[in-house]
Each structure stands twice: as C-alpha cells, then as structure tokens.
Amino acid sequence: MSKEIDSSDVRHIGRLARLTIHAHEMGEYEDHLRKVLGYVDELSSVNTQDVCAFYSMTREYSELFQDKYFRKDKPIESLPVSEIMKNAPESKENQFQVDAVIEGDA
Amino acid sequence: MKSLTDAVLSLSEKRVSSVELTQECLIEAKKNKNNAFISVCEDSALQEAEESDHRRSTGELISSLDGIPYSLKDLFITKGIRTTAGSRSLFNYIPPYQGGVAGYLKQAGAVLIGKVGCDEYGMGSTNEKTIFGPVLNPLNTDHVAGGSSGGSAASVAEGSSFFSMGTDTGGSVRLPCNFCGLTGLKPTYGRVTRYGQIAYASSLDQASPMAASVQDLAIVMEIISQKDDRDSSQANLEPLNISQELESLSGDYLKGKTLGVDSSFIDACAPKIKEEQLRALDQWKKLGVEVKEITLSHLKYSVSTYYIIATSEASANLARFDGIHYGYRAKTNDHSSLEQTYIDSRTQGFGDEVKKRILLGTFSLSSGYSDQYYAQACKVRRLIANDFQEAFKQVDFIFSPVCATSAFKLGEGIQNPVQMYMNDLYTIPVNLSGLPGLALPFGQDSNGLPTGFQIIGKHFEDAELLKIGHAFQREGK
C-alpha cells in the first residue's frame, strides 16, 4: 500500500535532506513524490520471501573472487592545505570561514 | 562523425598531425552549435597536441591514443580544469586532484578538447536538466541528444571529438548513443575505475566510452580499464587487450553463438523501432547466430527498483555538498545556525530534478519506510539479476532495444516525468545486475533519426561483447 503524501511529509523529508521546499513549489514536489511513490508501489506485490537482498556489486564480487578485491591500506601524502583552500567559498588563514553564528535562546 | 581507428592510422602514417586534428576539433567545439561543451580547453589541448607530435617525431609514442582529441563528461574530475557536474552547486569548482579516467587518458597522450554537458549529476535522460541549457541532437536540433551523457554524444556526432567518456548509471551512455547514432559500451561494473567520477549512485555508476564504432571503443577500453588501487570497487583484472584480436577476428566468428531475446520487449516498442529490432535480429541470424526466445519476467520492475535504489544512494552521496568546503555557498541573512547555510546552499545550488531525487531517496531510507522501499527494492534487484543468470545458462548474449522510441523532441519529457523515467526500462536492468551492455546503432526511424539495439554480455566478458559487436558491425551494417 503506498503512503499518501501530503505537504507536511514533503516538508519533513526536506528537513531530513537539508532542503527547503518553498510554498510556491510545494504543489509540484508533492505531486511528483506522490506519482513516483504510486508507481513504485508495484514492488510491494513482488514475493521476496527468502530472497537475499542485492546491495552492491562489490559484495557480490567479493564472494565470486574472494579477497582479490581488497588491498592493504597505503598511506600517501595529502594534498597541500593551500591547494584545498583554493575552492573554499570563504577562507581565512588556511581555514574554512563561515558566518558568525549567534546562538539565541529565543 | 570521425573514426578514431582511422585517425590512429593517419597519425601513424604521418598523413596528419595531432595539432591538425586538434585544431579541427577545436573549431567545432568553439562554435558549440549543439551546446555540447561546458568548457573548451583550447590552450592546453594545443599544447598536449604539440607534445604528442614531438613524441611522434622522436619515436617515443606512449599509446595508440597518443595525439587523439577527445571530450570528457563534466562529471569526471580533471585537475586544474573546472568540473561542474552540470550543476550550480559546483559551478566554480576547480579540482585540486586528477581523477582516474582523466589521468589514464592524459598519461596515454590523448588530447582533452573540453568538458561536455550532462544532466545535473547525471540525473536525466534528455540532457535538459542542467543550468548550462539543453544539448541538441546534431542530427536534428529539434530533438534532444539524450542523457545524461548528451554532451559526450553530441561532441562525437558533431565531429569535435574522436571519442568521449560518459557515465552510465541507468542508461546514460547507451541512450544518447542510441539517439545520436554512436556505439557505446557500458562495461561490467568494476571494469573501469570510478575514482574521481562524481558519484550519483555508487552501486550502479560506470565510466563508459562512446565513439563511432566498436573498434574505436576497444582502443579506449585498453587505456581506461587499467587497475586503479584508489577504487576499491574495481575488479582485480588486467587491462583489456583486444584491438589486435578484433583486427584478426575470423569471418565466421559469429557462427554458433546464441543470442537470447525476450520478444515482449520488442513488442512494446514504437512501430518503426520494432521493425528495426526485427530487421537487426534477421541480420544476426544471417551471420550465423542462433536466436532463442528467453523470459526475463522480473525486468518489468526495473524502473521502480532503480528509482528507489539510485535515489537512496544519491541522497547519501549528495549529502557532502554543504556550501562550506567547496562549490556554491548561499549568502544568508539568517545567522541563527550554521545549518541554515547548508540548507540555503543546497536549496539554491541543486536544480529541481536533483532535489526531487534526493527527496525520494531520503524518504526511501527514512525511519519506518526503509524496509518497505529500499530493502524491498534490493530484494527485487536480486530477482532481476537472477533472471539474467538463468538466461545466460541458455544463451551466450542477450539482445534488447535501448529505448522504445528514437530521440525525444526538446521539452517533450517535462509534462510527464514518470513516463520519462519509463524510457530507461531496457537499459536499467543491465546496471542493476552489473552486466556489460553494448549499444550499437542500426537503422533509422521515419524521420531519419538513428535507431539501434543493445547486446548484453556476462559479467566481465566485456572483450567477448566487443568481439561480437565488431563482427556484427564489420559484416552486418
């Protein structure tokens, strides 16, 4: 049975995903999620009793090829901090800078 | 469209220089009449071409690809060259490191013409879902090039690259190849490194070459299938060594091979596509291949399975974009929490399709629903993979359409997104099962747009797939 989605669900999922869904786009997002969940509901009719889930090929292959897929960790030199910081939206003295956060108790 | 194999020969016979080939490609790339390119690397391309010509003059060639101009989907990390994933969230990102595929091609002496467009983070079938605007189909610009690797397909079809690297998570290389008349290989999952490939869905993503022919793909595969210790999901295998073998393939190579087909897939295609599928099957038979009916009964659940699994993985993979370390940061006036900076940066940085997929994935993994959605989808994924395993007990390869239609008109998919997702029905099962799939162009629709089909092989039998594909292209065109 598919879950009936409403705007409070969309807002809740948005909060989990760190996304704001604005009021003017809520209808579109809600409609999309409802349509897709309605469609994927067909999966609930498939008998999967005793079926082993398939999560990743790597897991499948490690069974097929034993431990050939794993190597020992090899420490290598990190990139210079100054190179990394070139992409920082804001930085100061080779550190990522963010706006001052004023913790309110309101 | 330009032949990579011919260019390798022309360079070796010194009938043309890499600088000349590169200049020709740059002229097309800079015109950008199909909007294939996000960034054109003119200066570095010419320098790389000059260096290649110098190596050739001193007999120090590095590989068959030395001096060959190509393009890279903008999901591949390139050191010092902007890499956007087609997204505002990475519009100004200049990677400080080199990705695996880009690195191997650079080491091989290939000449990078530029970074090409794609649907944002690889999420789309039309290459319209990106801040850089839609990529047009060079064969008919009222139509899409296909997605998500549309820029790659357009750059090869328009002649600004001899090959391109795309990524295929649910058909994103085979579909644009089918729409633009190219040949494309989605290798077995784990055959090509994913290091430095911006992740959409890690258990499905695979770097995939696109070119004019199977022979061209083979040359590229020899370079990009090198073992990369930085990708723990790559198979521990020697690089493919197949080009020579293709050249000497015997005339009756296809004789006695068996090809499975589930006729219900073909019946579901548009009339002209169906006609071309049947004509292609006749051609295979004429070449000595035995065609057998098979049943792949769970594949009808592939689209549902894919959209749960891919979006779940995407919701986790794209959690890293927070506006703090790199990429787009929103200017926010709300200083009540740092979290608001994350939320605003993500909300403004991602496009609608990406946000919709993140929401679906977040929902599928959320408390109270993950068993019903994500876990159930992973079980159905097993049933889909089992269908292929059973089929491969009876046949050597499987034949299937790539898409039920030819290239969509621009804007066609915007009205009905679920219908647009359905267009990936034939390509998705291959990714879910980790198998290799080879898209071959064959025939035309009534408007002259290309059609084609795909051949699916067994795990890690990429070389076998290329061999039968080459035998078909050599004899069966």
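Naming: A, B, ... by sequence-line order, numbering from 1 per chain.
Only the side chain of Glu339(B) comes within contact range of chain A, with at least one heavy atom under 4.5 Å from a heavy atom of that chain. Only the backbone of Ser433(B) comes within less than 4.5 Å of a heavy atom in chain A; its side chain stays farther off. Using a 4.5 Å cut-off between heavy atoms, Gln97(A) contacts chain B through its backbone alone, with no side-chain atom that close. Residue contact with chain B, scored on non-hydrogen atoms closer than 4.5 Å, is absent for Ile76(A). With a 4.5 Å cut-off on non-hydrogen atoms, Thr341(B) does not touch chain A at all. Residue contact with chain A, scored on non-hydrogen atoms closer than 4.5 Å, involves the side chain of Ala385(B) exclusively.
Partners of Gln98(B) according to the side-chain contact (heavy atoms from CB on, under 4.5 Å) rule, which considers only residues two or more places apart in sequence or in another chain, are Thr78(B), Lys79(B), Ala102(B), Lys106(B). Applying the salt bridge (Lys or Arg N to Asp or Glu O under 4.0 Å) criterion to Arg357(B), with sequence neighbours excluded, gives Glu353(B).
Salt-bridge check for Glu28(A) with Lys356(B): passed, with a basic side-chain N closer than 4.0 Å to an acidic carboxylate O.
No side-chain heavy atom of His32(A) sits less than 4.5 Å from a side-chain heavy atom of Leu360(B). Contact of the Met422(B) side chain with the Tyr39(A) side chain is registered, since non-hydrogen atoms from C-beta on lie closer than 4.5 Å.
Atom NZ in Lys379(B) sits 15.5 Å away from atom CZ in Phe54(A) (nearest 0.5 Å).
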Residues Tyr55(A), Tyr374(B); criterion side chain to side chain contact (heavy atoms under 4.5 Å, CB included); working and verdict: CA-CA 10 Å; Tyr55(A) 291 112; Tyr374(B) 179 69; 3.7 Å; yes
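Without hydrogens or angle criteria, Arg382(B) side chain to Cys52(A) main chain gives a donor-acceptor distance under 3.5 Å. Proximity of a side-chain donor or acceptor of Gln376(B) to a complementary backbone N or O of Leu43(A) within less than 3.5 Å is detected. Arg346(B) places a side-chain N or O within 3.5 Å of a backbone atom of Ala17(A) that can act as its donor or acceptor partner.
The candidate from Ile358(B), Asp344(B), Ile94(B), Asp322(B) with the greatest count of non-hydrogen atom pairs under 4.5 Å with chain A is Ile94(B). Contacts with chain A were tallied for Leu432(B), Leu204(B), Asp352(B), Ile308(B); Asp352(B) has the most, counting heavy-atom pairs under 4.5 Å. Ranked by heavy-atom pairs under 4.5 Å with chain B, the first of Leu16(A), Leu19(A), Val51(A) is Leu19(A).
Judged by a 6.0 Å distance limit and a 45° cone about the ring axis, Lys355(B) is not positioned over the six-membered ring of Tyr29(A).
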